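Input: a single structure, listed below in structure tokens.
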Amino acid sequence: MNLSLLASSIAESPTLRLNALAKSMLAQGAPVIHLGGGEPKNKAPQSAIAAAEAYLNTGDVKYTPSAGTLSLRKAVGDYTEANYGRKVAVENIIISAGAKQTLYNLLFTLVNPGDEVIVPAPYWVSYPEMVRMVGGVPVTVASGEETHVPRAEELLAAVTARTKAILINSPNNPSGAMYPAELVEEVVRFCERKGIWLIADDIYHKLVFDGKTAPNPLGFTDKDSESTHVIVINAVSKIYGMTGFRIGWAVAPKPIIAIMNNIQSATTSCNSGVLMAAAEGALKGPQEGVREMVSMLENNRNTMLKALAEIPGVHVVKPQGTFYCLPDFSLYQKDSLALCNFLLEKVFVVTVPGKEFGAEGRLRLSYCGSAEEVAEGVARIRWALDPSAPKEIRIGGKTAVRDW
Ligand SMILES: Cc1ncc(COP(=O)(O)O)c(C=O)c1O
């Protein structure tokens, strides 16, 4: 078929593919444990449901303003002031279908064909694909294996005359690493000086453990909201466990938001008013649920680290946030896709190959399920890999015997 070469070169999201596979295996009765997920298990906040219900009950569900309802943009403005210490106008904010669409529209707005976007590895799978989709060139920069944090010198040494933006995500998917404040500050100051865009994908910024807080990229610039090169992306998806509501946003200088708005109005027209009402309900409602979720995730992280410590030779950097970690399994299998397939086939544990995140030899493991699932999933992995583990275990009510 004579199709677009660029479109045909874009890979399917491996995480979404694995989610679909896990669901279909579960539906067929397989005792699947999903350590590949990218969404917290909690229910959406009651304030979000009530707001969506009230909106639906008006029966008046029509097109909405393309950049998002004024009231949600104001709520995002309040969130930005409360969490980033910066007062922004509604014209500095656009609402889109999740952080994903927001990022895509932003890259489309910033990048000319051949422009480079620096993406520190390990990175979220979709970044390089999105950069390529808008005609840009993703430039990945390796991080220290002991920290999963890039060194400022190496990151900045990757800058060329074609660099349009640096895209950071901290706390980080897939590693759970949080970049130190000094690094974020140095990169922000560099970008402001050179006129390079710093895109901070802050979607996990509240899911931080051990009583810490994520460094605030907007806190390190003395430029105002129109002259800054710092752009923040966020969403209700992870913080409130509202992945299915598809509401995210960007905070950026007005001309950027205006172009993103034009792109949105020419493609999707607008977001659903019902879902925007829900997001507003979450932002304005009680925040206790976020704290509870963080404490549940921190507990799960500890369970995960304890279980991984039982597998000889597996090293993991302690995550400081998110609900992921990125242990190194290269002692057992260097090819992470082969290992992922092996674990799914032998012990019904879903994992995501590190290769997809620029971290071959590692697996991304999620701990957003229950602590029991985390413990059992890792115990099954140990059983499958470690010859010193007992020869038999119970999986899904049956005795499994290791014969490999
Ligand atoms: C780093 C990062 N950015 C963006 C997204 C997408 O967020 P949303 O569901 O709001 O589109 C994800 C989801 O996994 C993510 O991990």
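Both ligands and their constituent atoms are indexed starting at 1 by order of listing. Note that the structure is a prediction, hence the values are computed from the model and not measured. Residue indices begin at 1 and follow the sequence shown.
- Applying ring-ring contact (aromatic ring centres under 6.0 Å, His included) to Phe342 and the options Tyr332, Trp404, Phe329 leaves one that passes, Trp404.
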Q.
For a side-chain hydrogen bond (donor to acceptor under 3.5 Å, both in side chains) check, start with the C-alpha distance between Asn83 and Lys206, then their side-chain angles and the critical distance, and finish with the verdict.
A. CA-CA 9 Å; Asn83 291 283; Lys206 288 224 170 151; 3.1 Å; yes
Exercise answer, ligand 1 polar atom pairs (N/O) under 3.5 angstrom:
from	atom 1	to	atom 2	distance (Å)
ligand 1	3 (N)	Asp201	OD2	2.6
ligand 1	9 (O)	Ser237	OG	3.4
ligand 1	9 (O)	Arg246	NH1	2.8
ligand 1	10 (O)	Ala99	N	2.8
ligand 1	10 (O)	Ser237	OG	2.5
ligand 1	11 (O)	Ala99	N	3.1
ligand 1	11 (O)	Lys100	N	2.9
ligand 1	11 (O)	Arg246	NH2	2.8
ligand 1	14 (O)	Lys238	NZ	2.7
ligand 1	16 (O)	Asn173	ND2	2.7
ligand 1	16 (O)	Tyr204	OH	2.6

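- Counting only N and O atoms by type, the side chains of Asn271 and Arg246 include no donor and acceptor under 3.5 Å apart.
- Under the 3.5 Å distance criterion, with hydrogens and angles disregarded, no donor-acceptor pair is assigned to the side chains of Thr303 and Asn300.
- Residues Gln287 and Tyr240 have side chains that bring a donor and an acceptor to within less than 3.5 angstrom of each other.
- Side-chain atoms of His34 and Asn19 include a donor-acceptor pair closer than 3.5 Å.
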